[in-house]
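A short write-up of the structure that comes next.
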Number of protein chains: 2
Amino acid sequence: MVSDTPKPVGRRERKKAATRQALADAALDLFLEHGYDQVSVRDVAEAADVSTTTLFKHFPSKEALVFDEDTDQQAALVAAVRERPAGRSLPAALLDHLLRTHLPTTADPGFPRYRQLILGTPVLREYGHRMWMRHEAALAEAIADEAGLLQDDPACAALAHFALEAVALTHGRDDPRTTLEAAFALLEHGWPGRTEGAGQGA
Amino acid sequence: MVSDTPKPVGRRERKKAATRQALADAALDLFLEHGYDQVSVRDVAEAADVSTTTLFKHFPSKEALVFDEDTDQQAALVAAVRERPAGRSLPAALLDHLLRTHLPTTADPGFPRYRQLILGTPVLREYGHRMWMRHEAALAEAIADEAGLLQDDPACAALAHFALEAVALTHGRDDPRTTLEAAFALLEHGWPGRTEGAGQGA
DNA sequence: TTTAAAAGTTGAGTCGTTGCACTTTTTTAG
DNA sequence: CTAAAAAAGTGCAACGACTCAACTTTTAAA
């Protein structure tokens, strides 16, 4: 368990991982210190003692340096839908999951600064949002399956899209929890139609 | 020199507008002909017989060359909310407006190609979406005012955000109308809670 | 007319990103 | 066990988008 490597973890791959980690660490340090736009990729590469080309062999873009920890959120998202408690609606289950995973993350002391770096840098906020929205198709599929609807049902696509977009709504708000709950109240019960006196159809 | 008093619109501004139009026209022609990524800003500037620096004095970015016609959608959006027919709910009024303005691909014969250029070029799709979402705050304000709620009410912000995002849902779908209607049905009536004892199996 | 401020234009440079060439490691053939 | 190809890492130089400091032209003021 100590010296044996059950899976062929090559010496080369270990050095590769070390270089990658050095790049990510150097990048985060420099970005937090001087600001994302004030640091060039050449600076990051130099701090990690590699060339810019090597940097781009490890990370597809400058923004990707910040989003190194790519935990599998998609599986958790789908699981929140599929393994929701009995009697819990789909929007409610999604709200529970998002409140659990996107609000209290502040166990790490350095996390607020990391979060502020992303939210305060437009290009990083965009990049993170785009990555987050990549789960839309998988989520829509799970929703459709759970609801017993067709794979490309527009309502399922809409719920998946809106549920993921809801977290973007909380950015820059003083009370993310209330915002998230209000958004999901809308998805769950609809807009309180105080103006219409007669409902149509169905 | 001469005694002719310059009209309110200087001849300088006219030439400036002409240069700007020449740039936008050349850009659209070249982009439609060879594809956005295959045409450099230098090519566009050369086609309009100016330097690249001059191009960037007229347009803030390469993408902005395509979105020259910045019609005032925001006013129309707010008007759709404020001047909606009596008894019409806010989501319904927004749906009507979007169906009217975003579906009937205008009478312009060249418009489909223009639309395809944008939707088929990721960076342009992103840029257009970002511009579209800039109306979110104004729309949320109008919604809050019409609903008699506070300016920063989370539900109003959510409705504004989701209503604007709904058009992004239609991109790449074969039936945009149905998709839009399904999305607004969700916003109007909420997610049908079929999990409460109504589901069959699973 | 003189002159100064404003706007237009430009070539040279920066930054993110990539293609081509070179070195090093791993795999395969003898 | 050696040799050499195949694969992967690395770097220099270049490309495209975009900016900066200086020069020229236009407009307005004295």
Side-chain angles (χ1 to χ4, degrees), chain A residues 5 7-24 26-28 30-31 34-68 121-128 130, chain B residues 1-24 26-28 30-31 34-68 121-127 130:
Chain A
T5 52
K7 201 175 181 181
V9 97
R11 306 93 183 164
R12 193 180 200 175
E13 296 190 2
R14 212 174 331 138
K15 189 167 186 180
K16 177 177 178 178
T19 301
R20 180 190 170 88
Q21 194 60 37
L23 280 166
L28 196 53
L30 289 173
F31 292 161
H34 305 100
Y36 181 81
D37 294 321
Q38 275 63 49
V39 177
S40 70
V41 289
R42 287 172 175 87
D43 295 335
V44 176
E46 192 118 353
D49 206 24
V50 294
S51 72
T52 65
T53 313
T54 300
L55 186 152
F56 281 105
K57 287 289 185 182
H58 288 272
F59 298 91
S61 68
K62 183 185 179 183
E63 302 99 67
L65 285 164
V66 180
F67 293 88
D68 189 19
T121 309
V123 59
L124 287 180
R125 215 182 46 226
E126 272 284 340
Y127 186 87
R130 210 176 308 137
Chain B
M1 299 242 189
V2 283
S3 57
D4 282 293
T5 308
K7 296 179 179 180
V9 53
R11 51 183 84 113
R12 191 182 203 173
E13 296 189 3
R14 219 180 321 143
K15 189 166 186 179
K16 177 177 178 179
T19 300
R20 179 189 171 87
Q21 193 60 38
L23 281 166
L28 196 54
L30 289 174
F31 292 161
H34 304 100
Y36 180 81
D37 295 321
Q38 276 63 48
V39 177
S40 70
V41 289
R42 191 175 184 85
D43 295 335
V44 176
E46 193 119 351
D49 206 24
V50 295
S51 72
T52 66
T53 316
T54 299
L55 184 151
F56 281 107
K57 287 289 184 183
H58 290 271
F59 298 90
S61 68
K62 183 184 180 185
E63 302 98 66
L65 284 163
V66 180
F67 293 89
D68 189 21
T121 309
V123 59
L124 288 181
R125 215 182 45 225
E126 271 284 339
Y127 187 88
R130 210 176 308 138

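To find a chain, count down the sequence lines: A is the first, B the second, and so on, and within it residues start at 1.
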In this structure, how many angstroms lie between the [atom2] atom of [N] and the [atom1] atom of [X], rounded?
| X | N | atom1 | atom2 | result |
| --- | --- | --- | --- | --- |
| A/Gln38 | C/dC15 | CD | C1' | 13 Å |
| B/Leu23 | D/dC18 | CG | C1' | 15 Å |
| A/Lys57 | C/dT24 | NZ | P | 17 Å |
| B/Arg20 | C/dG8 | CZ | C1' | 15 Å |
| B/Leu124 | D/dA17 | CG | P | 12 Å |
| B/Leu55 | D/dG16 | CG | P | 15 Å |
| A/Phe31 | C/dG16 | CZ | C1' | 11 Å |
| B/Asp37 | D/dA17 | CG | P | 9 Å |

B/Ser51 (side chain) and C/dG11 (base): donor-acceptor pair under 3.5 Å: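 Result: no qualifying N/O pair found.
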Counting distance alone, no hydrogens or angles: does the base of C/dG16 have a donor or acceptor under 3.5 Å from a partner atom on the side chain of A/Arg42?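 Per atom types, the contact qualifies.
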Would you say CZ of B/Arg42 has more than 12 non-hydrogen atoms from neighbouring residues, nucleotides or ligands within 6.0 angstrom?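 Counting other residues, nucleotides and ligands, CZ of B/Arg42 stays at 12 neighbours or fewer.
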Just call it for [X]: base, sugar-phosphate, or nothing, with non-hydrogen atoms closer than 4.0 Å on any strand.
| X | answer |
| --- | --- |
| B/Val41 | sugar-phosphate |
| B/Val123 | nothing |
| B/Thr54 | base |
| A/Val44 | nothing |

Please tabulate, for the side chains in residues 45-53 of chain B, all donor-acceptor contacts under 3.5 angstrom to protein atoms that are two or more places apart in sequence or on a different chain.
{"residue": "B/Ser51", "atom": "OG", "partner": "B/Thr54", "partner atom": "N", "Å": "3.4"}
{"residue": "B/Ser51", "atom": "OG", "partner": "B/Thr54", "partner atom": "OG1", "Å": "3.3"}

If you assign B/Thr19 and B/Thr52 each to the DNA chain C nucleotide with the nearest heavy atom, which residue ends up on the more 5' nucleotide?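 Mapping each residue to its closest nucleotide by heavy atoms, the 5'-most match is B/Thr19.
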Please state whether the phosphate of [N], meaning OP1 or OP2, lies under 4.0 angstrom from any side-chain nitrogen or oxygen of [X].
| X | N | result |
| --- | --- | --- |
| B/His58 | C/dT9 | yes |
| A/Lys62 | C/dG16 | yes |
| A/Thr53 | C/dG19 | no |

Identify every side-chain donor-acceptor pair in residues 57-66 of chain A under 3.5 Å, counting partners at least two apart or on other chains, and give the distances.
{"residue": "A/Ser61", "atom": "OG", "partner": "A/Ala64", "partner atom": "N", "Å": "3.3"}
{"residue": "A/Lys62", "atom": "NZ", "partner": "A/Tyr36", "partner atom": "O", "Å": "3.1"}
{"residue": "A/Lys62", "atom": "NZ", "partner": "A/Val39", "partner atom": "O", "Å": "2.7"}

Which pair of heavy atoms, one from B/Ala27 and one from B/Val44, lies closest together, and at what distance?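 B/Ala27 and B/Val44 have their closest heavy atoms at CB-CG1, 3.7 Å.
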Between B/His34 and B/Gln38, what is the shortest heavy-atom contact and its length?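 Nearest heavy atoms, B/His34 then B/Gln38: O-CB, 3.3 Å.
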With rounding to the nearest 0.5 Å, note down the distance linking CG in A/Leu124 to CG in A/Asp37.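 That separation rounds to 8.0 Å.
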Would you indicate which nucleotide in D/dT19, D/dG11, C/dT17 comes nearest to any side-chain atom of B/Phe56?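 Among D/dT19, D/dG11, C/dT17, the one nearest the side chain of B/Phe56 is D/dT19.
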Bend angle of the helix from C/dT1-D/dA30 to C/dG30-D/dC1, from helix axes over five pairs at each end, nearest 10°: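 The end axes of the helix from C/dT1-D/dA30 to C/dG30-D/dC1 are about 10° apart, to the nearest 10°.
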